[in-house]
Asker: 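Could you have a look at this structure, given as structure tokens, before my questions?
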There are 2 protein chains.
Amino acid sequence: MEEGHPQETCLRISQLLSRVGDKWVILVIRALQPEAKRFNALKREIGDISQKMLSATLRNLERDGFVRRTVTPVTPPMVEYALTDLGRELLCPVQALADWTASNADRIEAARAAYDSRGEDGAAATAA
Amino acid sequence: MEEGHPQETCLRISQLLSRVGDKWVILVIRALQPEAKRFNALKREIGDISQKMLSATLRNLERDGFVRRTVTPVTPPMVEYALTDLGRELLCPVQALADWTASNADRIEAARAAYDSRGEDGAAATAA
DNA sequence: CAGAATCCAGCCGGATACTG
DNA sequence: CAGTATCCGGCTGGATTCTG
């Protein structure tokens, strides 16, 4: 790891993290992990997602090279989405972060509860 | 890892990823990594950040237990921010993701370039 | 110095309607 | 089936102003 342009590197990392945290990507790549899926199958499986967000998410993931879109020109048209090698590789560090989150969710929640109770407590005694 | 509530787990992960991708957190925790810093020192070091965003980012990080805020009641008041143990632990999987990003940034950019050229090419030949 | 409050522009994400 | 187009509310994030 060279340290020539740390700011730029931070920017890239931040951007990728924003993408990965984009609210639907985790669900989408999780749904694509076992096997390729079609658009509406994906939509049904995820459930709450609107088709606008699903197509936007898939387009972003495809653009970044994490998902491959395959069109079979039959009628009605069939489109399949699958993770690429890059997408599967991305999953490793993301999975590590996911595992860490799952392991420490209670610590985070405890910190939040402590923070919130501190806030409501000594300070705003005049209000409410 | 139990698989009892995968959706909830995904939600937590996604939320944490959103926080971590929050545009300034990487810069902030990076600045705090070597040592505790004061508010304006942090602001100067990061540079582009507005004080609103810096205080909001710090507040979120403090609430989640990643940063500890220490007030020394002198005049003028001195406030120091430092990473907690939890914050330093979080850095490990984040660093892994950062390393992956740095290692694969060129592959992502190549995918984007390919995608963009595909888009401009065969399709919208009528326009422009 | 360390923030809180306010105002405001722009983007995100959802609902709906329409197309090939 | 697999999308695109449009409208619209809400949140994000920045600039400015004010406070202790």
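Computed from a prediction, not measured in an experiment: that's the story for all the values here. Proteins come first, then strands; the chains are lettered A, B, ... in the order of their sequence lines, and each starts at number 1.
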Asker: When you measure from the side-chain N and O atoms of A:Lys43 to the phosphate of D:dA2, is any distance below 4.0 Å, counting only OP1 and OP2?
Answerer: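 Negative; the distance criterion is not met.
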Asker: Compare the minimum distances between each of D:dC1, C:dG13, D:dG14 and the side chain of A:Lys23, then state the nucleotide with the smallest one.
Answerer: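 Closest nucleotide to the A:Lys23 side chain: C:dG13.
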Asker: Within the pair A:Tyr81 and D:dG3, is there a side-chain N or O less than 4.0 Å away from OP1 or OP2?
Answerer: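 Answer yes for this pair, as a side-chain N or O of A:Tyr81 is under 4.0 Å from OP1 or OP2.
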Asker: Taking transitive links into account, so neighbours of neighbours count too, which hydrophobic residues share a cluster with B:Met78 at under 4.5 Å side-chain distance?
Answerer: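 Answer for B:Met78: B:Val74.
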Asker: In the structure I gave you, are the side-chain heavy atoms of B:Gln51 and B:Phe39 within less than 4.5 Å of one another anywhere?
Answerer: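 A side-chain contact exists here, since the closest heavy-atom pair is under 4.5 Å.
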Asker: Starting from P on D:dG13, measure out to CH2 on B:Trp24 and report it in whole angstrom.
Answerer: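 These atoms are roughly 10 Å apart.
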Asker: Would you list the pairs meeting salt bridge (Lys or Arg N to Asp or Glu O under 4.0 Å) in which at least one residue belongs to residues 44-60 of chain A, sequence neighbours left out?
Answerer: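 Only A:Lys37-A:Glu45 qualify under salt bridge (Lys or Arg N to Asp or Glu O under 4.0 Å).
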Asker: Measure CG/A:Leu58 against P/D:dT4 and give the value in whole Å, please.
Answerer: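 Result: 10 Å.
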Asker: How about B:Val94 and A:Leu97: do any of their side-chain heavy atoms sit closer than 4.5 Å?
Answerer: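 Of all side-chain heavy-atom pairs linking A:Leu97 with B:Val94, at least one is under 4.5 Å.
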Asker: Taking for each residue the nucleotide of DNA chain D bearing the nearest heavy atom, is the 5' side occupied by B:Met53 or by B:Pro76?
Answerer: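 Comparing both residues, the 5'-ward one is B:Met53.
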Asker: State whether A:Arg38 places a side-chain N or O below 4.0 Å from either non-bridging phosphate oxygen (OP1 or OP2) of D:dA2.
Answerer: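 So the side-chain polar atoms of A:Arg38 do come within 4.0 Å of the phosphate oxygens OP1 or OP2 of D:dA2, strictly under.
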Asker: For the side chain to side chain contact (heavy atoms under 4.5 Å, CB included) test, which of B:Val20, B:Thr57, B:Leu61 pairs with B:Ile29?
Answerer: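 Answer after filtering B:Val20, B:Thr57, B:Leu61: B:Leu61.
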Asker: What's touching nucleotides 4-8 of chain C from the protein side, N or O pairs under 3.5 Å?
Answerer:
residue	atom	partner	partner atom	Å
C:dA4	OP2	B:Arg59	NH2	3.1
C:dA4	N6	B:Gln51	NE2	2.2

Asker: Would you call A:Asp99 and A:Gln95 a side-chain contact if the rule is heavy atoms closer than 4.5 Å?
Answerer: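 With C-beta onward as the side chain, the pair touches.
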Asker: Given D:dG3, D:dG20, D:dA15, which nucleotide is nearest the side-chain atoms of B:Ser50?
Answerer: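 The nucleotide sitting nearest to the side chain is D:dA15.
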Asker: Roughly how many Å is it from CZ in A:Phe39 to C1' in C:dG20, rounded to a whole number?
Answerer: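 Those two atoms, CZ and C1', are 15 Å apart.
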